[in-house]
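Quick notes on the structure that follows.
Just so it is clear, the model here is predicted, and its values are computed rather than measured.
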Amino acid sequence: MDKRSMTEQEIRNNYIRPAIEKAGWEGKKQIREEYSLTAGRVVVRGQGASRDNDTVRRADYVLEYRRNVPLAVVEAKDNRHPVEAGIQQALDYARRIGVPFAFSSNGDGFLFHDGTAGAASGESLETRLGLGEFPSPEALWEKYRAWKRIPKESEDLVLWNYHATAGGRDPRYYQVLAINRSLEAVATGKKRILLVMATGTGKTYTAFQIIWRLWKSGRAKRILYLADRNILIDQTMVNDFKPFKGAMAKLSPDQKGLERIDAAAKAEMAAERPGEVIYSKAVDTSYEIYLSLYQAVSGTEESQNVYKQLKPDFFDLVVVDECHRGSAAEESAWRSILDHFSGAVHLGLTATPNKAEGASNVEYFGKPVYEYSLKQGIEDGYLAPYKVIRATLDKDLGWRPESGMRDDTGAEIEDREYNQKDMNKALVLRKRDLAVARRVTRFLKENGRFSKTIVFCEDIDHAGRMRVALANENADLARANPKYVMKITGDDPEGKAELDNFIDPEQAYPVIACTSRLMSTGVDARTCKLVVLDRTINSMTEFKQIIGRGTRIDEEYGKLFFTILDFKQATKLFADPDFDGPPESDEEEALSEEGESLPGGGPGPADGAEGPRGGAAGAAGEEGEQGPAGRGPGPQEGEGGPGEPSPDPGGDRGAEAPDPPSPRIKYLVSGVEVAIVNEMVQYLDASGKLMVESIVDFSKRNFLRYYPVRSAFVEKWKAADRKRLVLEEIERAGISIELLEEKFGADCDPFDLLCHVAYGSRVLTRAERAEKARRDLHLRDAYTKYSARAKAVIEALLDKYAIGGIDSLEDPAILKVSPFPEIGSILEIYQSLGGPDGFDKAVEALEASLYDIA
């Protein structure tokens, strides 16, 4: 068989793969064919979304020295292409998976790109190889090892087997890269390692594989996994860390890894050992992997610093989850633990690195060994894109009380102008809560009332009021099940107890969670479809974390994208270069005692105005809750003091830093009407940027990129056998036919909508096109010669078009639905038009008539 007549697959099977195997690569163990890189970007169209299959990427071959230790990419072409035709594609894939070797082949030989070649070595960057000259696994591994400077004695660590999960789950390409780069860093002697991975991309699974390989290889015999929220520990133990069962313990009061010492025993020990620190808890040192909240092993009193029971060399590896929250701050409780175990390897995990002065995780851990951003995750199709509805409330634009006006408690309201930054901080307008609740409810009624929703509020008091407002607006469902809407905050045991049910896709309730800070991070809510922002957010770190609550995809439950309903203009931060850029420098970000970023940290209101009683009006970072008119502090989110665990059973589940106290007065006003005066809807375009112009302007701009002149589009449309294929191509560019139909009318033909938007043509309804085509057909000789049955078929097809559009005519099953069975059987209908081919020609003629007035 002539090689030039072979398909690409035949070239691969007969020439490329045999040449690779002949060089010593084992087929089942080392050659991965059709290696998946991307899942296909999700494109949002109106209220729906689908994957763009054109953005799915698969490498023809990925060559691995060991399973999930890739070395090279091979891209194949058929023999009608030159040998080098696939090299740029191979290089793109090699860059993605972080390997230096790329090959292109057409079956005649290979073009070899050697990214390890240096000028000093005299080796060529790219070399042509014969089919029999493909390099062996050992040859490429030695080049790779030298390039990475991995000592020979440490290569076993880098090559240690991954944990094989049930069902044969393989890590995604970026997880492989993150895991391997971390192991390579340890192998080359690095002691401080930072991994930056966007929320929802599997940081915990990645950490598990790193720990597994270090543990099994013997490089880390004891490991400490630190977090600052109990849900992070609990989720980790029952999910990704489950294979550690038996060797794993949780350091928490009344848990097996940490035993309480009662007062009597403590007193007895103190008498026996005068001058020694007697701890109130004792660590069981028989385990190898420990998970702990830092609050559970440290405190303001020396006797609470349980970690000091352990020798500094007890742990070989310390993993710090969500390390953006102050673990590197020199005075933080985290830092004291890290300093005690300073000889261990410290691995920091975060979605939001920062360089805040005094709390820089980048400075502490060093430059990230790998970064996988939200933008990249959305582009690859592993994270859900978002659309933004930005709503403006009239009183947020400015409200001034009447002279001498008093609030609901009788306190006189300070006479000044209050704006968005004051709302729910210095001023509570009760009907503002109602306006927000009504808009959230309208969204749910339009898009599914059981769509999981998180409402982020200014503080606990605001979350409680919002729960009431939403329960009233959804009284039918809240009456049927009071858990339809719940306040889930650190001070509320009933709410916190429902957190697991909220994040469980199989549990219908709760549906709406009103929170302040508790759910801003570490909550794996895969099916969350609506994130409501009624909270001032000036911290980029907090903004990224909150947006991360919606970015997980769960196709089984129909979650491909999510919506952000923004009442505080917080989504303006999407336009900040730091949103998806390098680690940000936020020097004015406020920090709690633990070094945790306080939401909205930084300078106060933009105008620097003083709030009532000398407090900065709406000062960012003021999260403390006051009772009515400043009459004492209300409940705080997080029940213990700074660094202390909350006293709920099981040890500080959901513990977090409390809202900082505020000296200001908070006025409560019931009688002021509040309304939404403006809304703007934004979508991610094909390049990953939020579309800020109108749907018409956006559609025109993108459509004209493909069809700059009207004649080009008309010709393409008329020539297409199936118009749906043309529309799918247009929709992949991010142009939503559904949204255009919402604006101009669902009874319009997509052809007319696109021509109107792009070229200013008159919009015709489908009924108008059908009537014009009917008149034209009646004048044609072919129509007058049709039998009565044939004419009835043509008339019925035109009626179907007028109702359902061009898709109806192109649907192969059209003849099975009414009125066609009444006209005749499918065979009789075909015979009336001269057989199946005659029927197809009649439909083509019908379409030509429909678009004659293009």
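The side-chain heavy atoms of Asp461 and Lys666, taken from C-beta on, include a pair separated by under 4.5 Å. Inter-residue side-chain proximity for Lys568 and Asp534 is flagged as met; some heavy-atom pair is nearer than 4.5 Å. Between Lys387 and Ile564, every side-chain heavy-atom pair lies at or beyond the 4.5 Å cut-off. Contact check for Thr527 versus Phe562: no side-chain heavy atoms found under the 4.5 Å cut-off. Proximity of Ser451 to Leu444: side-chain heavy atoms (C-beta onward) are separated by under 4.5 Å at one or more points. No side-chain heavy atom of Leu251 sits under 4.5 Å from any side-chain heavy atom of Val306. Glu498 places a side-chain heavy atom less than 4.5 Å from the side chain of Met486. Side-chain contact between Arg432 and Asp396 is present, with at least one heavy-atom pair separated by less than 4.5 Å.
Using a distance-only test at 3.5 Å, with no hydrogens or angles considered, a donor-acceptor pair links the side chain of Lys559 to the main chain of Gly550. Formation of a donor-acceptor pair under 3.5 Å by the Glu458 side chain with backbone atoms of Thr536 is found in this model. Thr515 contributes a side-chain N or O that, together with a main-chain N or O of Ile488, makes up a donor-acceptor pair within less than 3.5 Å. Between the side chain of Gln175 and the backbone N or O of Thr201 there is at least one donor-acceptor pair closer than 3.5 Å. In this structure, the side chain of Arg549 engages the main chain of Gln545 through a donor-acceptor pair within 3.5 Å. Side-chain N or O atoms of Lys203 include none that pairs as donor or acceptor with a backbone N or O of Thr350 at under 3.5 Å. The backbone N or O of Gly495 lies less than 3.5 Å from a partner atom in the side chain of Asp492, making a donor-acceptor pair. Looking only at distances, a side-chain donor or acceptor of Thr551 sits under 3.5 Å from a matching main-chain atom of Thr199. With hydrogens and angles disregarded, a donor-acceptor distance shorter than 3.5 Å links the side chain of Asp566 to the backbone of Ala570. Distance alone, capped at 3.5 Å, places no donor-acceptor pair between the Asp380 side chain and the Tyr382 backbone.
In this structure, OG1 in Thr204 is found 9.5 Å from CD1 in Ile211, a value given to the nearest 0.5 Å. Rounding to the nearest 0.5 angstrom, the gap separating the CD atom in Gln235 from the CG atom in Asp321 is 10.0 Å.
Of all the heavy atoms in Cys514 and Leu470, the pair that sits closest is SG-CD1, 3.7 Å. For Ala463 against Lys487, the heavy-atom pair with the smallest separation is C-CD, 3.9 Å. In terms of heavy atoms, Leu560 sits closest to Ala384 at O-CB, 3.4 Å. Nearest heavy-atom pair across Gly381 and Ala39 is O-CB, 3.8 Å. Closest non-hydrogen pair, Val196 versus Ala351, comes out as CG1-O, 4.2 Å. Heavy atoms only, all atoms of each residue included: Asn501 and Lys452 are closest at O-NZ, 3.5 Å.
Between Glu555 and Arg51 there is a salt bridge, since a side-chain N of the basic residue sits under 4.0 Å from a carboxylate O of the acidic one. Between Glu679 and Arg442 there is a salt bridge, since a side-chain N of the basic residue sits under 4.0 Å from a carboxylate O of the acidic one. Note on Glu494 versus Lys483: no salt bridge recorded, every NZ/NE/NH1/NH2 to OD/OE distance being 4.0 Å or above. Arg449 and Asp476 are joined by a salt bridge, as a carboxylate oxygen and a charged side-chain nitrogen come within less than 4.0 angstrom of each other.
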**OP:** Mind running salt bridge (charged side-chain N to carboxylate O under 4.0 Å, His left out) on Arg41 and Glu379 for me, showing each step along the way?
**Re:** CA-CA 5 Å; Arg41 181 171 57 86; Glu379 182 180 310; over 6 Å; no
**OP:** For Ile337 and Leu226, run side-chain contact (heavy atoms from CB on, under 4.5 Å): C-alpha distance rounded to whole Å, both residues' side-chain angles, the deciding distance at 0.1 Å, then the answer.
**Re:** CA-CA 10 Å; Ile337 300 172; Leu226 279 173; 3.9 Å; yes
Original post:
What do the steps show when you test Ile378 against Val42 for side-chain contact (heavy atoms from CB on, under 4.5 Å), and what is the final call?
Top reply: CA-CA 7 Å; Ile378 292 174; Val42 174; over 6 Å; no
Original post:
What's the verdict on salt bridge (charged side-chain N to carboxylate O under 4.0 Å, His left out) for Asp459 and Arg517, showing C-alpha distance, side-chain angles and the deciding distance?
Top reply: CA-CA 8 Å; Asp459 49 37; Arg517 296 174 62 196; over 6 Å; no
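Residue Glu446 places its CD atom among more than 12 non-hydrogen atoms of other residues, nucleotides or ligands, all under 6.0 Å distant. For Lys431, the NZ atom sits in a packed shell: over 12 heavy atoms of surrounding residues, nucleotides or ligands are nearer than 6.0 Å.
Looking at residues two or more places apart in sequence or on another chain, you find a ring pair (Phe, Tyr, Trp, His ring centres under 6.0 Å) between Phe574 and Tyr386, Phe543, Phe579. Under the side chain to side chain donor-acceptor pair (under 3.5 Å) criterion, Tyr290 pairs with no residue at all, not counting sequence neighbours. By the ring pair (Phe, Tyr, Trp, His ring centres under 6.0 Å) test, Phe450 pairs with Tyr484, Tyr509, sequence neighbours left out.
One side chain, Asn424 or Arg465, offers a donor N or O that lies under 3.5 Å from an acceptor on the other.
Of the candidates Tyr225, Phe208, Phe244, Tyr225 is the only one forming a side chain to side chain contact (heavy atoms under 4.5 Å, CB included) with Thr236. The only member of Ile454, Thr453, Val511 that meets side chain to side chain contact (heavy atoms under 4.5 Å, CB included) when paired with Phe502 is Ile454.
The ring of Tyr370 has its center no closer than 6.0 angstrom to the ring center of Tyr174.
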